[in-house]
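Structure first, commentary second.
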Amino acid sequence: MNWRKLRTFLLTALILSLIPATRYYQIDVPLLRFLKGSHLDPVTLHLSGEFVESNLGTEQNPDGSVTVRMIAEQYLFIPHCILVPAGVPVHLRITSADAVHSLVFNDTDYAVKVLPGTISEAQLQFPRAGDYKTVCREFCGAGHYAMRSALKVVPRDQFPALRPQERGNCAAQ
Ligand code: CUA
């Protein structure tokens, strides 16, 4: 192989490798995990495992941060409204029960791509209390434009200790 061909080959390989790099960056799914696949079955999410209904919503961690677990499905986010404290790290774990969705928190920079069969993780933080609208930004079918939900951020000292049955809604505040 002469140098010219080698150079062309290397340049092509570099450019091609950039395509998945940009594509998977915004998905928030580590590329390695995406390639290895996942054992999360989108069809049985509600039956067992991390994403059963009683485990969804906001859970307080011993260090003061919170973990939020959500499911995206045609055409809603579950829970429909989530409650988090202001100014603390929010670890989001979300998966899809069907198509590819994208969870966007309006008025913030956060956009999380959600795929069936794997968990998207994102580290979020909301400095101020307030109500945020959340919408789906990935076209996912006929009801896509109606796929929206809400996020309620309350002052840290007003964030209640949520019981499991209160985690999935905003009524606890
Ligand atoms: Cu879900 Cu668009």
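Atoms considered below: every heavy atom in the structure, side chains included; atoms not considered: hydrogens, waters and symmetry mates. First listed ligand is number 1; within each ligand, the first listed atom is number 1. Small disclaimer: the values here were computed from a predicted structure and weren't measured.
- With sequence neighbours excluded, no residue forms a salt bridge (Lys or Arg N to Asp or Glu O under 4.0 Å) with D98.
- By the 30° and 60° cut-offs, the orientation of the rings of F139 relative to Y145 is tilted.
- Applying the disulfide (SG to SG under 2.5 Å) test to every pair with at least one member in residues 52-136, sequence neighbours left out, gives these pairs: C81-C170.
- Counting only distance, with no hydrogens or angles, the side chain of N2 and the backbone of K5 share a donor-acceptor pair below 3.5 Å.
- Under the side-chain hydrogen bond (donor to acceptor under 3.5 Å, both in side chains) criterion, D107 pairs with no residue, sequence neighbours left out.
- Within the protein, the N, O or S atoms lying under 2.8 Å from atom 2 (Cu) of ligand 1 are C136 SG, E138 O, C140 SG, H144 ND1.
- Ring pair Y110/F105 is perpendicular by interplanar angle, where above 60° counts as perpendicular and below 30° as parallel.
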